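Contents: one structure, followed by commentary.
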2 protein chains.
Amino acid sequence: MNSCDACVVRNRSICAALDSVEVEALNAIGRRRTLEPGESLIWEDSESVLVANVVEGVLKLSTGTEDGREQIVGVVYPSDFIGRPFGATTPHSVTAMTEAKVCVFSRTDFDGFASRHPALEHKLLQRTLTELDRTRRWMLLLGRKNAEERVATFLLDMSERLVDPGCDTPDQPLDRFDLPFSRQQVGDILGLTIETVSRQFTKLKRDGIVDLPSRRAVVIRDRAELKALAG
Amino acid sequence: MNSCDACVVRNRSICAALDSVEVEALNAIGRRRTLEPGESLIWEDSESVLVANVVEGVLKLSTGTEDGREQIVGVVYPSDFIGRPFGATTPHSVTAMTEAKVCVFSRTDFDGFASRHPALEHKLLQRTLTELDRTRRWMLLLGRKNAEERVATFLLDMSERLVDPGCDTPDQPLDRFDLPFSRQQVGDILGLTIETVSRQFTKLKRDGIVDLPSRRAVVIRDRAELKALAG
DNA sequence: CGCTAACTTGAGAATGTTCAATAGACGTGG
DNA sequence: CCACGTCTATTGAACATTCTCAAGTTAGCG
């Protein structure tokens, strides 16, 4: 038995395109790695040497300006693919937000394997197209939404994406969850300062739309209203 | 002889993955179409029925909020691919900015053809990965840059992307070009109002960094300074 | 129980938006 | 070829929102 058989994301990651013999072959060129919160796997503008599947945890993709402003350009969850195959450099950093487990491959090894397995490339293409759609939707938020709309949209998005991946029930949005982000990171996702984020959180709580029992915990009390505020 | 042999983007579009027999087969399921400026090919949130290659012209990809704010989420040029293969809906509109020629396919026909031609899917994957990188880089602009930086970044980006595609010389950025966009559209790309864009253009002109001989024409007079302003 | 880092709150400043008026470019028809 | 009308862009002034800087406050951890 190979270790992939027990993998929690075996059937949701791009590996789902492979049969058990193929997945064994892929397993042979990869290795598991655990990341601590704050630890980076890939650095902005570095040579693209690694790609990986997320097995557990949440990671951010980020870029910044020379003078230190940061923008989070993506957040990845279990079963998501990270890194830049078929390309020289990775244009953003990849950093663990929580403790995370990833299944790492040398980029060139992976490129070769993928080229020999069209079904895998097909999965990767689908995933990349979906991610591009999601990223473009986020551009509307960054370009045209105000602080209140941004925070409301963010909370709704989180409630949909943090659903337990192993869960068999149809993916229903959560009304109660823990953010994997600090206020600063929420700001970096939304293109706002930490103070503006904090003020909007306070306002939503004051208006009874959400409850914030602890720093990271969120309870959505009036989803309909939150949707209305999201624009 | 099939019409693709004479196609100006034959060797730069995803069709470059195909030999002459295959390209003939693809040609059989596609058709040429001309779009007038302002004409849309695909509408936001519509069922994904069409995909296409851009042969000539410039098109925008855009989304908007219910109350009419628009954000341009991408701009495509000759040889670029448009539409959403392998998916139910297209999350953004596609509209011609200039007169444009496109090579259109039924989405389902294309999906089938692509599935039978891994080399084509591979090209499409590479293209999608590159587009995702570009889109994420634009998020830094929308989330963290001020008006001056946005306009400077935009002009540099345009000077690099508007190079004549047929040109054999190594792609050098243009110091003189015509914008395919109105001021309003530049605003919609940069997440700014038309007035703010106009003021920044005027400022760059006053400072001697660019010259604006007509509404659409741009001359970059001090590229180094423009880069410094881009942040 | 106290320390520290993270978060909240407040006040003022900066940046960009809005609304309104003007100027200029471009196409059309005389 | 010029006059006109319309659409686009520019400019100005007041306003709104978000940012910045600074001072508290609180949660979580040793």
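To find a chain, count down the sequence lines: A is the first, B the second, and so on, and within it residues start at 1. The structure presented is a predicted model; accordingly, all values stated were derived computationally and were not measured.
Of the inter-residue distances, the one linking B/N53 atom CG with B/C7 atom SG reads 7.5 Å to the nearest 0.5 angstrom. Here the CD atom belonging to A/E131 is positioned 5.0 Å from the CZ atom belonging to B/R136, to the nearest 0.5 angstrom.
Phosphate contact (OP1/OP2 of D/dT11, side-chain N/O of B/S198, threshold under 4.0 Å): absent. OP1 or OP2 of D/dC19 lies within a sub-4.0 Å distance of a side-chain N or O belonging to A/T196.
In this structure, the CG atom of B/L179 is 16 Å from the P atom of C/dA25, given to the nearest Å. In this structure, B/L192 atom CG and D/dA9 atom P are separated by 15 Å, rounded to whole Å. Spacing between atom CD1 of B/I194 and atom P of C/dA20 amounts to 16 Å, rounded to whole angstrom units. Atom CG of A/N146 and atom P of D/dC19 are 11 Å apart (whole Å). The interatomic distance linking A/L212 (CG) with C/dC7 (P) rounds to 12 Å, in whole Å. Summarising the geometry, the separation between CD on A/Q185 and C1' on C/dA6 is reported as 12 Å, rounded to the nearest angstrom. One interatomic measurement links the two molecules: CG of B/L141 to P of C/dG16, which rounds to 12 Å at whole-angstrom precision. For the pair A/R216 CZ and C/dA6 C1', the interatomic distance rounds to 9 Å; values are reported in whole Å.
B/G187 comes within 4.0 angstrom of nothing in the nucleic acid, heavy atoms only.
Residue order along DNA chain D, read from the 5' end via each residue's closest nucleotide, puts B/V197 first among A/Q200 and B/V197.
A/E195 contributes a side-chain N or O that forms a donor-acceptor pair with the base of D/dC21 under 3.5 Å. You'll find a donor-acceptor pair under 3.5 Å spanning the side chain of B/R199 and the base of C/dT18, going by distance alone. If you check distances only, the side chain of B/R183 never reaches the base of D/dT10 with a donor-acceptor pair under 3.5 Å.
Side-chain atoms of A/T153 and A/L190, non-hydrogen and from C-beta on, never get closer than 4.5 Å to each other.
Between B/R144 and the options A/D188, A/D67, A/T63, a side chain to side chain donor-acceptor pair (under 3.5 Å) holds for only A/D188.
Side-chain atoms of A/R215 lie closest to D/dA27 of the nucleotides C/dT8, D/dA27, D/dA9.
Salt bridge B/E56/B/R32: absent, no basic N to carboxylate O contact under 4.0 Å.
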